[in-house]
Every structure is written in structure tokens, then in C-alpha cells.
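For ligands, and for the atoms within them, numbers begin at 1 and follow the listed sequence. These numbers come from a predicted model, not from an experiment. In this chain, numbering begins with 1 at the start of the sequence shown.
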Amino acid sequence: MIATSCDIMQRLVNHTTGESYPLDLPIWRSESGALLDLEFAGAFDPMELITRPATLWRYQEAIPISNPKGIVSFGEGMTPVTRMTVGGRTCLVKLDYLFPSGSYKDRGSTVLMSQAKAIGIQSVVQDSSGNAGASVATYAALAGIDCEIFVPDSTSPAKLDQMRAIGATLNLVPGSREDTANAALAAASERYYASHVWNPFFFHGTKTFAFELCEQMEWKVPDTLILPAGNGTLLLGAAIGFEELKQMGITNRIPMLIGVQTSHCAPLTAAWESGGSVPASIQTQPTIAEGIAIAEPHRGHQMLKVVKETGGKMMSVEEEQIAEALRWLCQRGYFVEPTSAAVFAGAMRYCEQAPNDELIATVLTGHGLKAAAKIQKLLSTS
Ligand SMILES: *Cc1c(COP(=O)(O)O)cnc(C)c1O
């Protein structure tokens, strides 16, 4: 495959070398194996949204897929935004655990699988600590595309059951999350890699988080947005979304982005604290926040960069704080998985010390039903 000079308004690009590719190639990394980003100058008109259905596809002029008629969608998105009192102040919380597969990953999957279908893909591989696999498998089922998922053998049983029931072929890999990713990479040499980490289409789905939040706030943006920092699919997606809103002239600033990690797996917080621009190499410990236990995030340097550019930071929370946040949320009827509680624990800590006039928003990312047994155990022992 030769890198061509393609439409400059719309391309896959390796920012290190400048090489670029057209969007309709079935590739997910550059010829030299580097990360690709997707550049796309789409724009929607807020006035035109008023009559459209309340789904994330209401922003379709800003979503780069080749065939808008073949969209793979359940009508997902436009998740509620609630107000909670946290640390004595109001915090906006977007309920992204309310998606068809039970996590916000569906934002990325609906776009990624729509593109896969548009370019004629019949079989995909994916790897995941659970939710990304469940999400891609869900949209593969809807699209009628074959799907094989590689997961660590420590994945929550309910997530495995979910993927099996949907009809994905499961491949349980012993060892770490990185071992799983390597097994999937090997399989991806033959098939399309529907990776939420590598595939740049995924991020042009997660960016709709920013569009929705902004629309739901009557086209304003929060001062601070607290998000998970695992592989950064939401953090980087939100950054793209806010940047595009700015370019469309809808907003004039970008929220301060704060990424939350667990102290048991915090390569980005370690890098942040030592002023590094790439993830630190770290020792990990077991964590209840399986969804953000990413020791070697491929897009870590991008995450550190956007956090810095927006004036935000990376922070870590302790396992006990995660359990405490989970209890707090459950007692108020927000039944989410422990990974979501980790992000919320970060938001709680942040809210306790933030200036009173700062408008803070965060997200609940994954449904508790996927981890019900684990939650029960945690709440009865902590
Ligand atoms: C994937 C996931 C995260 C972490 O998101 P990243 O994109 O890896 O930063 C957080 N919470 C839940 C429930 C997830 O599934």
C-alpha cells in the first residue's frame, strides 16, 4: 500500500512522518506500524438538530463515514446529564453507562462498525479488558459481521457471558492485558482490527460525548471535565470533539481535561508528576478498576499532551477511595461498575478543593450489572 496524497480535508495521517492515507482503506495503522489519526473537517449546524432524533447520529455531518445510509446503530446516545452534589457543590454527571452494550464504548463502536460495513469488511478482531469487546461484538452482531474477541482470562464473567451470548468467538488469553493485545495483533494481520485503541474511527465516535454534553448545556462547555485515563478513548475523543466545536464556531474554549487512573496502575500520573511526555514504565498491582488497568497505553503521549494543553492534569485514586465512591454512588441509585467509581472518586477529590464558581462535569462509564458479583463482594467487605 502506498501512501498517497489524498484529500487533505479528510485523511488518515501519521503525524510523526506526515504520511497520509484515504479513509476508505481497511487499515488501522501506517505502513511503518505507527499510530494513525483521522483528520476530518466536518461541521453540523445546531439549528438543524432541533428536529432530529435524540441519538448521537444527529451530528452525522461531523462523523466521517463513507456511507451514511448504511449506519450500524441502535439509536444510541444522548445519554442523560444529571446534577449531583459532590463535596458540597454541584457536579454535572453524564450517564454513559446507559448504552446498548452497557458502556460508553458504544459511541466508538457505532462509528467504527458503520465504517467497517461501508468498506465491505466481513470479519473483525478486537481485544479488550471486557467492555470494548462487548461493545464491538454488539455492533458486529447488528451489522452481520463476524467477530473474534481476545480477552484476559481474568475478565469479569458477566462480560464473557455477554460476548458469548451475542455470538462473538472468544479467545481467553492468560497473563496481562498487554499479552491479550499482542495475541489480537497477531490475528489482526489477517483480518480488520476493530481496535478501540488503534483504529482512529473509534475516536470520531467517542467525540460525540463532547457534542452531546455541550448541546445539553445549551451550547456551553464546563470549566473542568474529569474522565477516565486508561487507553484514553473517551479523553482523546472528548478533546477532538471540543476542538471541533471550537472550529465550528459553536464554542470559544475547551474544558480543562483531568484524567483519572488507579494508583495500582498509573503510568500516566507517574509521567505527569515527573514532567514526562510518554507513559512511565511502572510496576502494576491488581485493581478493582479493570477498565483502566492499562500499563502501556499506546496513545499515552497524546493523552499527556491534551491534558497539558487544556491546563488539566493526570491524577490517581486509591483502591479504598474507589470502593468508597462505589458505595456512595450505589446508595444513590447509580449502579455502576468499579471502573466508573474510580473516575468518580477522582471527581469527588477534585470537587472538594475546587473553587466555588468552577463548573465541573464528569461521567459514569459502565453499567454495574456487568460486575454485580464483584460489587456485592466489595460493598460487603469495605
Ligand atoms: C474502557 C473503559 C474505561 C476507560 O476508558 P479508556 O478509554 O481506556 O481511557 C472506563 N470505564 C469503563 C467502564 C470502560 O469500559
Side-chain angles (χ1 to χ4, degrees), residues 79 93-109 112 126-138 149 151-152 155-156 158-159 162-163 177-178 180-181 195-200 202-203 205-207 209 225-241 257-262 265-269 279 287-300 302-304 306-307 314-317 322 325-326 329 334-347 362-372 374-375:
T79 53
V93 185
K94 193 152 168 66
L95 307 187
D96 262 22
Y97 63 110
L98 302 177
F99 268 97
S101 83
S103 82
Y104 79 86
K105 297 282 191 324
D106 291 1
R107 292 188 185 280
S109 299
L112 174 54
Q126 155 69 318
D127 63 289
S128 160
S129 59
N131 285 334
S135 179
V136 166
T138 297
I149 310 283
V151 285
T155 301
S156 288
K159 293 181 185 172
Q162 182 184 10
M163 288 185 260
R177 179 69 186 79
E178 281 67 38
T180 301
S195 167
H196 57 299
V197 184
W198 283 94
N199 202 305
F202 200 88
F203 297 83
T206 52
K207 77 181 181 187
F209 177 88
L225 180 59
I226 300 164
L227 297 172
N231 275 309
T233 60
L234 193 53
L235 187 98
L236 293 171
I240 294 170
L257 297 179
I258 297 184
V260 184
Q261 304 213 288
T262 154
C265 186
L268 297 168
T269 312
T287 170
I288 55 174
E290 63 182 19
I292 47 171
I294 312 293
E296 297 167 27
H298 283 296
R299 292 186 187 268
Q302 296 182 338
M303 296 164 74
L304 287 161
V306 301
V307 159
M314 293 289 180
M315 65 183 286
S316 298
V317 292
I322 301 173
L326 183 62
L329 286 164
Y334 297 95
F335 189 57
V336 296
E337 65 171 280
T339 304
S340 300
V343 181
F344 200 78
T362 187
V363 61
L364 295 177
T365 50
H367 207 294
L369 287 173
K370 298 196 194 208
K374 198 164 151 186
I375 293 170

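Of all non-hydrogen atoms in A239 and L257, the two that sit nearest each other are CB-CD1, 3.9 Å.
For a heavy-atom separation below 4.0 Å, the residues in contact with ligand 1 are Y104, K105, N131, P228, A229, G230, N231, G232, T233, L234, G291, I292, E337, T339, T365, G366.
Under the 3.5 Å distance criterion, the side-chain polar atoms of T79 are left unmatched by any main-chain donor or acceptor of K94. With hydrogens and angles ignored, the 3.5 Å screen pairs a side-chain donor or acceptor of Q261 with a backbone N or O of L268.
The side-chain contact (heavy atoms from CB on, under 4.5 Å) with Y104 is formed by just one residue from the set N131, T233, L227; it is T233.
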Is there a side-chain hydrogen bond (donor to acceptor under 3.5 Å, both in side chains) between T180 and D127? Walk through the geometry before answering. CA-CA 7 Å; T180 301; D127 63 289; over 6 Å; no
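In this structure, the side chain to side chain donor-acceptor pair (under 3.5 Å) partners of T365, at least two apart in sequence or on a different chain, are S340.
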